[in-house]
Amino acid sequence: KNEVEQSPQNLTAQEGEFITINCSYSVGISALHWLQQHPGGGIVSLFMLSSGKKKHGRLIATINIQEKHSSLHITASHPRDSAVYICANRDNTDKLIFGTGTRLQVFP
Amino acid sequence: DAGITQSPRHKVTETGTPVTLRCHQTENHRYMYWYRQDPGHGLRLIHYSYGVKDTDKGEVSDGYSVSRSKTEDFLLTLESATSSQTSVYFCAISEGTVGYTFGSGTRLTVV
């Protein structure tokens, strides 16, 4: 069964801190996705990756295929980064299986 | 242009009534999906489509039906709404190696 687990479920940080959110999955992937959802808002795709590392601004996503693990890092966190971050595993049937999300709050 | 729009954004309906949610895309993507989002659960797939008139069930399809008569439109119908279908519904599109794009969501309340 294709399962996706995220940790932590909730995370608080002070502005400027380095943030790490973890994602583990059980089934080999065709692509792993990181998504962002602001309170009451829509869902935005941050990254899609199947190997290595990707960077966009202050966000970095890494993946270790052998360990079936991915991390999302936020450098120099800011209150506007407060959101729910969701990991999703795209399996070989092209369907996404989602984690339950990590709720991040960054305080000034 | 948002590329994908959902309508309505909010709806309150009575138990037992039919409800149709619409997802419209301007990206000409092949794949379209309907998800529901509930507290304590990740997004869960209701139905998806891989082309005009080609649809399949997801993990929580009971009580829902879909139709896709045009590439750009994917309709989700609750034949007889129940309180357990109170949720936030998201539509998404994808194509090949392009990532997913999500609609803004529809908040449905069944009273």
Side-chain angles (χ1 to χ4, degrees), chain A residues 1-10 21-27 29-52 54-56 59 61 63 70 72 83-103, chain B residues 1-10 21 23-25 27 29-51 54-61 66 87-109:
Chain A
K1 183 181 175 184
N2 189 2
E3 293 178 329
V4 177
E5 292 187 359
Q6 289 184 236
S7 63
Q9 287 189 326
N10 295 283
I21 299 170
N22 297 298
C23 174
S24 296
Y25 53 92
S26 60
V27 174
I29 64 167
S30 62
L32 187 124
H33 295 251
W34 282 102
L35 311 166
Q36 180 193 56
Q37 185 175 26
H38 283 284
I43 299 168
V44 174
S45 179
L46 298 175
F47 295 103
M48 180 176 71
L49 68 165
S50 54
S51 65
K54 287 191 176 181
K55 184 176 188 291
H56 182 69
L59 300 179
I63 190 166
S70 177
L72 177 68
V84 176
Y85 292 86
I86 303 168
C87 167
N89 178 358
R90 181 177 171 182
D91 65 19
N92 58 9
T93 67
D94 271 338
K95 294 178 202 155
L96 284 183
I97 305 299
F98 295 83
T100 53
T102 295
R103 184 176 300 277
Chain B
D1 185 358
I4 177 172
T5 54
Q6 290 184 231
S7 60
R9 292 295 311 277
H10 302 272
L21 309 183
C23 178
H24 178 77
Q25 63 149 327
E27 305 295 323
H29 284 186
R30 179 183 174 194
Y31 291 90
M32 299 186 75
Y33 309 84
W34 277 107
Y35 296 95
R36 61 178 290 174
Q37 186 178 43
D38 304 289
H41 294 274
L43 285 149
R44 293 180 292 174
L45 181 65
I46 305 171
H47 281 280
Y48 68 103
S49 170
Y50 43 93
D54 291 324
T55 64
D56 206 347
K57 296 179 179 180
E59 60 180 307
V60 290
S61 60
V66 289
S87 187
V88 180
Y89 291 84
F90 285 95
C91 177
I93 60 175
S94 74
E95 179 68 56
T97 58
V98 175
Y100 285 64
T101 303
F102 288 82
S104 300
T106 295
R107 185 172 296 274
L108 176 68
T109 302

(request) Counting only heavy atoms closer than 4.5 Å, note whether A:Leu96 contacts chain B via side chain, backbone, both or neither. (result) both
(request) Check whether more than 12 heavy atoms from other residues, nucleotides or ligands sit under 6.0 Å from atom CD of B:Glu59, and answer yes or no. (result) yes
(request) Please say whether more than 12 non-hydrogen atoms of neighbouring residues, nucleotides or ligands are located less than 6.0 Å from CZ in B:Arg107. (result) no
Heavy-atom distances under 4.5 Å only: say whether [X] touches chain A with side chain, backbone, both or neither.
X	answer
B:Leu45	side chain
B:Gln37	side chain
B:Tyr50	neither

(message) Looking at chain B, which one of A:His33, A:Lys95, A:Gln9, A:Gln6 has the largest number of heavy-atom pairs inside 4.5 Å, strictly under?
(response) A:Lys95
(request) Flag the pair A:Leu35 / B:Phe102 as yes when at least one side-chain heavy-atom distance between them is below 4.5 Å, and no otherwise. (result) yes
(message) For a quick test of reading the model, state the closest non-hydrogen atom pair linking A:Ser45 to B:Tyr100 and the distance between them.
(response) CB-O, 3.4 Å
(request) Mind listing the closest non-hydrogen atom pair of B:Phe90 and A:Gln37 along with its distance? (result) CZ-NE2, 3.4 Å
(message) Return the OG1 to CG distance between A:Thr100 and B:Asp38, rounded to the nearest 0.5 Å.
(response) 12.5 Å
(message) I'd like to know whether B:Thr101 forms a side chain to side chain contact (heavy atoms under 4.5 Å, CB included) with A:Val44, so could you lay out the CA-CA distance, the side-chain angles of the two residues, the decisive distance to 0.1 Å, and finally the verdict.
(response) CA-CA 7 Å; B:Thr101 303; A:Val44 174; over 6 Å; no
